[in-house]
Q: 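Mind looking over this structure? Questions follow.
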Amino acid sequence: MADARSGAIDRFRHWSLAINPRTTFVFFELSTSDGLTGIGEATMSGNDAATIDVAEDLFEDRILANPVSAIPRIQDRLRPVAARPISLVE
């Protein structure tokens with residue numbers, strides 16, 4: 001039997017769901033070339049647009065084309081990046 005985690009991550013999408021006037025849930029979905037899909041959520045970031053922009057950049061720069069088995073290594077490398085505050089003003 002083939003390893004179910006051998007496919008490369010090849011798709012990212014996001015969507016938002018307004019719960020009430022003050023709360024919007026932001027969801028992210030990753031899919032692999034062999035059909036696996038995972039969904040995560042990033043709510044209450046304080047700036048949904050910036051959160052989505054950062055997620056899109058990280059996908060393109062660090063996640064795309066990696067196998068699912070690389071996710072723990074990617075997470076370890078991203079921890080210092082995720083711990084820094086996001087500034088929209090440079």
Q: Please list, chain by chain and in numerical order, all residues satisfying salt bridge (charged side-chain N to carboxylate O under 4.0 Å, His left out) with Asp57, sequence neighbours excluded.
A: none
Q: Between CG of Asp48 and CZ of Phe25, what distance do you get to the nearest 0.5 Å?
A: 11.0 Å
Q: Give the minimum heavy-atom separation between Thr23 and Asn20, together with the two atoms involved.
A: N-OD1, 2.9 Å
Q: Using every non-hydrogen atom in the two residues, find where Leu17 and Phe27 come nearest and quote the distance to one decimal.
A: CB-CE1, 4.2 Å
Q: Would you sort out whether Phe28 and Thr51 count as a side chain to side chain contact (heavy atoms under 4.5 Å, CB included), showing the intermediate values?
A: CA-CA 11 Å; Phe28 299 110; Thr51 299; 4.1 Å; yes
Q: Hey, which of Ile74, Leu64, Leu36, Ile71 is the one that makes side-chain contact (heavy atoms from CB on, under 4.5 Å) with Ile9?
A: Ile71
Q: What's the separation between atom CZ in Arg22 and atom CE in Met44, rounded to the nearest 0.5 Å?
A: 7.5 Å
Q: Which atom pair, heavy atoms only, marks the closest approach of Ala8 to Ala65?
A: CB-O, 3.7 Å
Q: So do Phe12 and Glu60 actually touch side chain to side chain, heavy atoms under 4.5 Å?
A: no
Q: Counting distance only, does the side-chain N/O of Arg77 pair as donor-acceptor with the main-chain N or O of Arg73 below 3.5 Å?
A: no
Q: With sequence neighbours left out, what residues match Glu56 under side-chain hydrogen bond (donor to acceptor under 3.5 Å, both in side chains)?
A: His14
Q: Report the distance from atom CD1 of Ile63 to atom CG of Leu78, rounding to the nearest 0.5 Å.
A: 6.5 Å
Q: Let me confirm one number: the CZ-OG1 distance from Arg11 to Thr32, rounded to the nearest 0.5 Å.
A: 10.0 Å
Q: If every non-hydrogen atom of Pro72 is compared with every non-hydrogen atom of Val68, which pair is closest and at what distance?
A: CD-O, 4.2 Å
Q: With rounding to the nearest 0.5 angstrom, report the CG to CG distance, Asn66 to Asp10.
A: 12.0 Å
Q: Nearest heavy-atom pair of Ser33 and Gly7: which atoms, and what distance?
A: OG-CA, 3.6 Å
Q: Taking all atoms of both residues into account, what is the closest heavy-atom pair of Ile52 and Ser16, and its distance?
A: CD1-OG, 4.3 Å
